[in-house]
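Since the structure comes first, as structure tokens, the remarks are kept for the end.
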Amino acid sequence: MASKNSTGAGPVAGEADVREPEASAAEDAPADRLTPVLRPVRAGNGFEEALEQTLQLLRLGLVPPGERLPSERELSHRMRISRVTLREVLKVLQDQGMVESRRGRYGGTFVLPRAAVPAGEQELRRRVAAVDVEDTLRFREVLEVGAAGLCANGLEPDGATRLRSALDATQDARFDDYRRQDTLLHLTLAELSGSRSLAAQYAAVRATLNDLLDCIPLLVRNLEHSQQQHAALVEAVLDRDAEAASEVMREHCCGTAALLRGFLA
């Protein structure tokens, strides 16, 4: 087991600075939808920031239950941390019952199904106490409306295909997988905005928002309305109507905000 400092919070001084060898250009290329979340961490907070990013992967559903996390080599390279630090991060997640390590040819670190979220007003209020809800909702709206407008300035063909596919996935999603697919659609839009900073900030704020949404029930009427807005949003983006795309997204964000405020009232 790796040595820890006196607080037990992470590796001893200097350990997080032990970097992995540079990977090949192919390995270093932006691989996927994990790019907004996985980024180099600051050496002084290597353990804490790596844990935050890995938790975001799970909270956003970017690696769904039953699937394997990227290899230790890839994770350590993309976050620019040592494997010692990464293994301590994974140990925390194992202790929390969020992932498990499997040996053998097809081994690795696999995401476990999420434990049932305690539902109801009490749990929602407990989580709300840890965040500034109004600030989160406003920041989310700014990022999402901005991303919609930027995407409507014109997408490359592959970007348009990704956006359509993400929309189709929400329409075909099982009821219990809807929020994850909804998250992926919004993350896709943020990524296609062309701003890495916007995409990274949105991933963080969406992870916070998902913690709150997990405490309220999925409402069929709300899902139907959301799907209508999603379809209108994608249509406006592909039609290069930035004004319409921004307005649909603003209304969509306001709907989520109203839903949360209703459960908090």
Side-chain angles (χ1 to χ4, degrees), residues 1-12 15-16 32-34 36-39 41 45-79 81-131 136 173-184 187 203-218 260 263:
M1 183 174 186
S3 58
K4 297 186 178 182
N5 60 26
S6 58
T7 65
V12 295
E15 216 172 42
D32 40 53
R33 59 175 58 133
L34 307 187
V37 176
L38 294 179
R39 55 196 180 276
V41 304
N45 294 313
F47 172 80
E48 291 79 7
E49 291 189 23
L51 179 59
E52 177 186 22
Q53 291 185 30
T54 311
L55 281 169
Q56 282 185 12
L57 290 184
L58 305 184
R59 291 160 68 189
L60 292 169
L62 295 180
V63 182
E67 292 195 9
R68 183 170 50 190
L69 288 175
S71 68
E72 287 188 4
R73 180 179 182 182
E74 180 180 348
L75 287 173
S76 61
H77 175 70
R78 291 176 74 164
M79 290 190 282
I81 58 174
S82 71
R83 291 201 191 184
V84 171
T85 300
L86 177 63
R87 285 166 185 163
E88 290 202 341
V89 167
L90 297 177
K91 178 65 165 55
V92 170
L93 299 180
Q94 288 178 39
D95 290 345
Q96 294 300 310
M98 303 177 78
V99 301
E100 70 175 5
S101 178
R102 300 177 190 170
R103 297 178 180 274
R105 182 177 180 182
Y106 300 105
T109 301
F110 289 79
V111 179
L112 295 175
R114 295 187 65 177
V117 177
E121 180 180 347
Q122 184 176 1
E123 176 63 16
L124 178 58
R125 292 186 181 279
R126 186 189 71 78
R127 295 190 181 194
V128 163
V131 299
T136 298
R174 302 186 315 272
F175 191 72
D176 61 357
D177 194 41
Y178 180 81
R179 279 202 177 127
R180 188 178 74 87
Q181 295 298 341
D182 174 76
T183 296
L184 296 179
L187 281 172
V205 78
R206 181 68 191 222
T208 299
L209 186 64
N210 279 2
D211 263 1
L212 303 179
L213 291 174
D214 281 345
C215 294
I216 66 177
L218 282 168
L260 274 173
F263 277 94

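Since the structure is predicted, the reported quantities are computational estimates derived from the model, not experimental observations.
The shortest distance between side-chain heavy atoms of L55 and L93 falls below 4.5 Å. The shortest side-chain heavy-atom distance between Q53 and L38 falls under the 4.5 Å cut-off. Side chains of R179 and N210 form no contact here, defined as non-hydrogen atoms less than 4.5 Å apart. Residues L260 and L209 form a side-chain contact, since some pair of their non-hydrogen atoms from C-beta on lies under 4.5 Å apart. The closest side-chain heavy-atom distance from H77 to L86 is not below 4.5 Å.
Heavy-atom neighbours of F175 CZ from other residues, nucleotides or ligands within 6.0 Å: above the threshold of 12.
When all heavy atoms are compared, the tightest approach of V37 to A203 is CG2-CB, 3.7 Å. The heavy-atom pair separating F110 from R68 by the smallest distance is CE2-CB, 3.6 Å. Between L34 and P70, the shortest heavy-atom distance links the atoms CD1-CG, 3.6 Å. When all heavy atoms are compared, the tightest approach of L60 to R180 is O-CG, 4.2 Å. Taking all atoms of both residues into account, the shortest heavy-atom contact from A50 to V89 is CB-CG2, 3.9 Å.
Contacts of E52 classified as side-chain contact (heavy atoms from CB on, under 4.5 Å), with partners at least two apart in sequence or in another chain: Q56.
Here OG of S71 is found 7.0 Å from CZ of R83. Values are rounded to the nearest 0.5 Å. Rounding to the nearest 0.5 angstrom, the gap separating the CD atom in Q181 from the CZ atom in R174 is 8.5 Å. With values rounded to the nearest 0.5 angstrom, L218 atom CG is found 9.0 Å from Y178 atom OH. Going from atom CD of Q94 over to atom CZ of R87 covers 11.5 Å, rounded to the nearest 0.5 Å. Rounding to the nearest 0.5 Å places CG of L57 at 5.5 Å from CG of L62. Atoms CE and CD, on M79 and E74 in that order, are 10.0 Å from each other to the nearest 0.5 Å.
R78 places no side-chain N or O within 3.5 Å of a backbone atom of S76 that could act as its donor or acceptor partner.
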Handout entry: Verdict with supporting geometry, L90 and L69, side chain to side chain contact (heavy atoms under 4.5 Å, CB included)
Key = CA-CA 10 Å; L90 297 177; L69 288 175; 4.0 Å; yes
